[in-house]
Number of protein chains: 2
Amino acid sequence: MAGRIMPKVSKRDQLIEGTKELLWEVGYEAMSPRDIQEKSAARPGSLYHHFSSKLAIAEAALDEAAAEDIARLEQLFLGNAPPLEMVRNYLLLKREAFRGCRFGRLAHEASIEHEELRRPVAAYFDAVRTHLARCLKQARADGTLRMGLDPENLAVSLIALIQGGYVIARSFKDEALFSQAIEGALALLAEASRSKRASNSSGGSAQRS
Amino acid sequence: MAGRIMPKVSKRDQLIEGTKELLWEVGYEAMSPRDIQEKSAARPGSLYHHFSSKLAIAEAALDEAAAEDIARLEQLFLGNAPPLEMVRNYLLLKREAFRGCRFGRLAHEASIEHEELRRPVAAYFDAVRTHLARCLKQARADGTLRMGLDPENLAVSLIALIQGGYVIARSFKDEALFSQAIEGALALLAEASRSKRASNSSGGSAQRS
DNA sequence: GTCTATAGGGGGATAGAC
DNA sequence: GTCTATCCCCCTATAGAC
């Protein structure tokens with residue numbers, strides 16, 4: 001049993017892992033080095049051997065988290081569904097409204113002014129924005145999204161929608177509000193993508209291919 | 001100079017005022033009783049004479065803040081502009097993107113689970129939601145907003161949009177993203193509003209902050 | 001690399017004089 | 001009502017043995 005060739009999880013990895021969890025659960029400021037140590041079954045000596053400070057280990061953990069989620073996004077947006085459908089699917093991803101976004105939740109802490117923390121957070125959002133903007137641009141090009149709608153602006157709106165959804169759900173202690181926010185936006189998007197095939201003569205001629 | 005009949009600002013009021021500012025600046029958890037005392041030129045004795053705990057004074061301050069802002073909302077939504085214009089105007093209110101919403105910023109703290117804090121936060125958002133939903137409902141009734149768009153859902157979406165706008169602006173350290181999020185939503189709304197009047201004022205929101 | 005022991009400072013609150 | 005003085009605990013490390 002014990003003789004297996006084990007990857008041998010180092011204390012360093014355990015510490016990083018514990019920190020990732022804590023950053024999501026409680027954020028940066030409310031997370032103490034002691035909390036990390038307990039969650040990782042480690043002692044101060046280990047923590048400060050591998051990392052110079054709480055900020056340093058948080059940076060490492062957050063960099064890892066961002067890399068993970070950015071990679072997952074690549075997968076998500078890889079398919080070849082119609083671009084607007086991709087956007088819809090992204091909005092409808094299963095999310096734990098109360099848990100919040102592990103990046104967005106840090107945005108309101110004063111510590112977000114540490115570039116070490118802000119950089120990975122911004123990197124994650126930038127990846128989302130890029131994917132969404134690309135889909136929306138494509139949708140506009142192929143005629144499923146109306147002109148006059150700026151894909152870049154819209155992408156930011158949708159990211160904000162999700163982040164705000166967490167805020168509202170937590171404030172009302174009601175997960176349903178998260179879904180409501182998403183549904184409202186989906187309905188708007190549907191209106192904005194309603195084909196030009198109807199009597200509305202807003203200039204478009206493109207039909208579904 | 002000093003002989004004027006002064007309203008005599010009590011230490012209690014100073015403490016509340018200082019707490020309101022701090023809750024906005026740094027949030028609940030990062031605000032220490034000592035911070036409050038310094039900001040209010042008061043001493044522990046005063047604080048704990050008037051309030052039983054940090055939580056108690058935060059509750060009092062937050063209740064006051066919510067009452068203020070709910071009253072301001074009443075004024076805002078009092079005019080008799082077309083309902084959809086009211087909504088647009090609300091979205092275009094001047095906001096300090098980096099400062100964030102003094103209610104929404106608390107939503108991600110673990111302490112939001114204290115009902116004392118959550119109640120005023122939810123009360124504020126509920127007021128916004130009610131006003132927006134009423135406008136949107138009216139707009140749908142008078143034909144300026146398409147059927148098929150649920151006013152309740154949409155109201156939640158718009159609140160989320162704003163709250164998320166703060167998150168994104170802070171994450172990217174870029175106020176322009178707040179405006180971008182708003183613009184994106186305004187464009188969507190414009191598409192969803194039926195241009196029954198010949199004079200097409202939709203989409204021409206003209207000013208950016 | 002990981003441990004135990006310890007340190008300086010601030011957090012949240014109380015006691016009691018005035 | 002407001003003040004000064006003080007308390008205990010936890011936060012963020014640091015030192016040094018193993």
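Residue numbering restarts at 1 for every chain, and letters A, B, ... go by the order of the sequence lines. Note that the structure is predicted; figures quoted are calculated from it, not measured.
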Applying ring pair (Phe, Tyr, Trp, His ring centres under 6.0 Å) as the test, list every pair that has at least one member in residues 97-137 of chain B; sequence neighbours left out.
B/Phe77-B/His131, B/Phe103-B/Tyr124
It should be established whether A/Ser32 places a side-chain nitrogen or oxygen under 4.0 Å from OP1 or OP2 of nucleotide D/dC11.
yes
Grab the CD1-C1' distance between B/Ile36 and C/dG10 for me, whole Å please.
15 Å
Who passes side-chain contact (heavy atoms from CB on, under 4.5 Å) against B/Arg140, sequence neighbours left out?
B/Leu145, B/Met147, B/Pro151
Which whole-number value in Å describes the distance from A/Gln37 CD to D/dT14 P?
13 Å
Once side-chain contact (heavy atoms from CB on, under 4.5 Å) is applied, do any residues pair with A/Arg72, and if so which ones, sequence neighbours excluded?
A/Asp69
Nucleotide C/dC3, atom P - distance to CD of A/Glu38 in whole Å:
13 Å
Output all residues satisfying side-chain contact (heavy atoms from CB on, under 4.5 Å) with A/Pro83, sequence neighbours left out; order by chain, then residue number.
A/Cys135, A/Gln138, A/Ala139, A/Asp142
Not counting sequence neighbours, which residues clear side-chain contact (heavy atoms from CB on, under 4.5 Å) with B/Ser40? List them please.
B/Gln14, B/Leu15, B/Ile36, B/Ala42
Is it the case that the base of C/dG12 and the side chain of B/Arg34 share a donor-acceptor contact (distance under 3.5 Å, atom types as modelled)?
yes
Do other residues, nucleotides or ligands put more than 12 heavy atoms under 6.0 Å from A/Glu113 CD?
no
Mind listing the residues from residues 43-61 of chain A sitting with a heavy atom below 4.0 Å of DNA chain D? Number order is fine.
A/Pro44, A/Tyr48, A/Ser53, A/Lys54
What is the distance from CG of A/Leu15 to C1' of C/dG1, rounded to the nearest Å?
11 Å
